[in-house]
2 protein chains.
Amino acid sequence: MTTRIDTTTSELVALSVLAEEPLYGYAIAKRVAARSDERLRLTPGVLYPLLKRLEKSGLVTATWETVRSDRAEEGSEGRRRKWYRLSAKGRKRLAHHANAQREHQRLIEAFLPPEEPEAGA
Amino acid sequence: MTTRIDTTTSELVALSVLAEEPLYGYAIAKRVAARSDERLRLTPGVLYPLLKRLEKSGLVTATWETVRSDRAEEGSEGRRRKWYRLSAKGRKRLAHHANAQREHQRLIEAFLPPEEPEAGA
DNA sequence: CGCCAATATATCGGAATACGATATATCTGT
DNA sequence: ACAGATATATCGTATTCCGATATATTGGCG
């Protein structure tokens, strides 16, 4: 019912924002939300399994960064950030996804009734 | 990997062909395949659970037809066909899906890199 | 007349996945 | 000192895809 965001879409948008520059997970989610006017949300339960899949299949490479602030407490390790970078393979996949997406859109359009202002609900 | 046809899409295309005229399951699948140039396939494993969901949620109504041929054998019951007809609720849902789909397309486009002839793969 | 492909409906079960909830820890502004 | 944002991650339930399988009927063709 709730317009589930499918794998293809979440993969596409993640790869898409990573095509511009390396980002860490949380930043990816923020970027996607911002660019979609808050309409596409990569929640943690979607985002992190997705990134794990992307990494495992070699579409992105990842490196850890640890940031320590001035006010860091004695025992603290600092904040961990995992940076993701699009690989060559990922770039190809993105292009592929983009084409598939456009193809899919053309396909679906053949089934769409003429645009009409939705009446009631 | 295999470009899963998601619920939204299969529901949309099924409702879409039913908007024109009542059809039985097998005919729906054929119609969808034909209109998509054989690219969208509603296989039995997808089609019948989908129709059951549509019926249960009141988007379509269904009636059985039994066709007996001239050459029918003694014991045979004749071929059973279950005709599906779009309900008013289904018509609303179709309009809703169509708008959501267009909205989704606009959203995704913001993430698509410029169209490029996919190199290798 | 007998065979087979096409027609027609349906279920099963494994695998994938969406996503809310939960957990843990750190940083920043006030 | 505290709240709220930042940041990563997993769990469990529900959903769903879809290949395979099952069953039965019909039409065409040699």
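Keep in mind that what you see is a predicted model, and the values were worked out from it rather than measured. Every chain is numbered from 1, with letters handed out A, B, ... down the list of sequences.
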Asker: Between Leu23(B) (CG) and dT9(C) (P), how many Å, whole number?
Answerer: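 For the pair Leu23(B) CG and dT9(C) P, the rounded distance is 10 Å.
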
Asker: Taking side-chain contact (heavy atoms from CB on, under 4.5 Å) as the criterion, tell me which of Thr61(B), Leu18(B), Thr63(B) meets it with Tyr84(B).
Answerer: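 That would be Leu18(B).
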
Asker: Counting only side-chain nitrogens and oxygens, does Tyr48(B) get under 4.0 Å of the OP1 or OP2 atom of dT9(C)?
Answerer: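 Yes, because at least one side-chain N or O of Tyr48(B) sits under 4.0 Å from OP1 or OP2 of dT9(C).
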
Asker: Roughly, in whole Å, what's the span from CG in Leu47(A) to P in dC19(C)?
Answerer: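 Answer to the nearest Å: 12 Å.
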
Asker: To the nearest Å, how far apart are Asp6(A) CG and dT17(C) C1'?
Answerer: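 Answer to the nearest Å: 10 Å.
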
Asker: Can you tell me which nucleotide in dC17(D), dT9(C), dA9(D) comes closest to the side chain of Trp64(A)?
Answerer: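 In terms of side-chain proximity for Trp64(A), the closest of dC17(D), dT9(C), dA9(D) is dA9(D).
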
Asker: Assuming nearest nucleotide by heavy-atom distance, tell me which of Asp70(A) and Pro49(A) is located more 5' along DNA chain C.
Answerer: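 In this pair, the answer is Pro49(A).
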
Asker: In whole angstrom, what separates Leu42(B)'s CG from dT9(C)'s C1'?
Answerer: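 From Leu42(B) CG to dT9(C) C1': 15 Å.
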
Asker: Given atom CG of Leu40(A) and atom P of dA18(C), what is their separation to the nearest angstrom?
Answerer: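 Taking CG of Leu40(A) and P of dA18(C), I get 13 Å after rounding.
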
Asker: Would you indicate, yes or no, if dA16(C) has its OP1 or OP2 atom less than 4.0 angstrom from a side-chain nitrogen or oxygen of Thr7(A)?
Answerer: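 So the side chain of Thr7(A) is outside the cut-off, no N or O lying under 4.0 Å from OP1 or OP2 of dA16(C).
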
Asker: Starting from P on dA9(D), measure out to NZ on Lys56(A) and report it in whole angstrom.
Answerer: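 Distance check: Lys56(A) NZ to dA9(D) P gives 13 Å.
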
Asker: Rounded to whole angstrom units, what separation is found between the CG atom of Leu54(A) and the C1' atom of dA16(C)?
Answerer: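 Computing the Leu54(A):CG to dA16(C):C1' distance gives 15 Å.
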
Asker: Name the residue closer to the 5' end of DNA chain C, choosing between Arg79(B) and Pro44(A) according to the nucleotide with the nearest heavy atom.
Answerer: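 This one resolves to Arg79(B).
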
Asker: Would Arg80(B) and Trp64(B) count as a cation-pi pair here, with the cationic atom under 6.0 angstrom from the ring centre and within 45° of the axis?
Answerer: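 Checked: cation-pi criterion met.
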
Asker: Counting just side-chain N and O atoms, does Arg53(A) come under 4.0 Å of either OP1 or OP2 of dA18(C)?
Answerer: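 True: Arg53(A) side-chain N/O within range (under 4.0 Å) of dA18(C) OP1/OP2.
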
Asker: What verdict does the salt bridge (charged side-chain N to carboxylate O under 4.0 Å, His left out) test give for Arg39(A) and Glu103(B), after you've listed the backbone C-alpha separation in whole Å, the side-chain angles of each residue and the deciding distance to 0.1 Å?
Answerer: CA-CA 10 Å; Arg39(A) 277 187 293 243; Glu103(B) 162 92 8; 3.2 Å; yes

Asker: Check the phosphate of dA6(C) against Lys30(B), side-chain N and O only, distance under 4.0 Å to OP1 or OP2. Yes or no?
Answerer: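 Answer no for this pair, as no side-chain N or O of Lys30(B) is under 4.0 Å from OP1 or OP2.
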
Asker: Let me see the working for Gln105(A) and Glu109(B) under side-chain contact (heavy atoms from CB on, under 4.5 Å), right down to the final yes or no.
Answerer: CA-CA 10 Å; Gln105(A) 287 186 6; Glu109(B) 262 158 40; 3.2 Å; yes

Asker: May I ask you to say whether Arg85(A) pairs ionically with Glu55(A), meaning some side-chain N is under 4.0 Å from a carboxylate O?
Answerer: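 Looking at Arg85(A) and Glu55(A), the cut-off is not met.
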
Asker: Below the 4.0 Å mark, does dT9(C) have OP1 or OP2 next to a side-chain nitrogen or oxygen of Tyr24(B)?
Answerer: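 For dT9(C), neither OP1 nor OP2 has a side-chain N or O of Tyr24(B) closer than 4.0 Å.
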
Asker: Please state how far atom CZ in Arg41(A) lies from atom C1' in dG20(C), giving the value in whole angstrom units.
Answerer: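 It is 14 Å, rounded to the nearest whole Å.
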
Asker: Looking only at the side chain of Tyr26(B) (C-beta and beyond, no hydrogens), which of the listed nucleotides dA10(C), dT7(C), dA7(D) gets closest?
Answerer: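 Selected nucleotide: dT7(C).
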
Asker: Determine: side-chain N/O of Arg68(A) to OP1/OP2 of dA25(C), distance under 4.0 Å, yes or no.
Answerer: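 Indeed not, no polar side-chain atom of Arg68(A) lies that close.
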
Asker: Among the candidates dA9(D), dT9(C), dC19(C), find the nucleotide nearest to the side-chain atoms of Lys82(A).
Answerer: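 Closest of the options to the side chain of Lys82(A): dA9(D).
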
Asker: Under the 3.5 Å rule, do the base of dT9(C) and the side chain of Arg80(B) count as making a donor-acceptor pair?
Answerer: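 Per atom types, no contact qualifies.
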
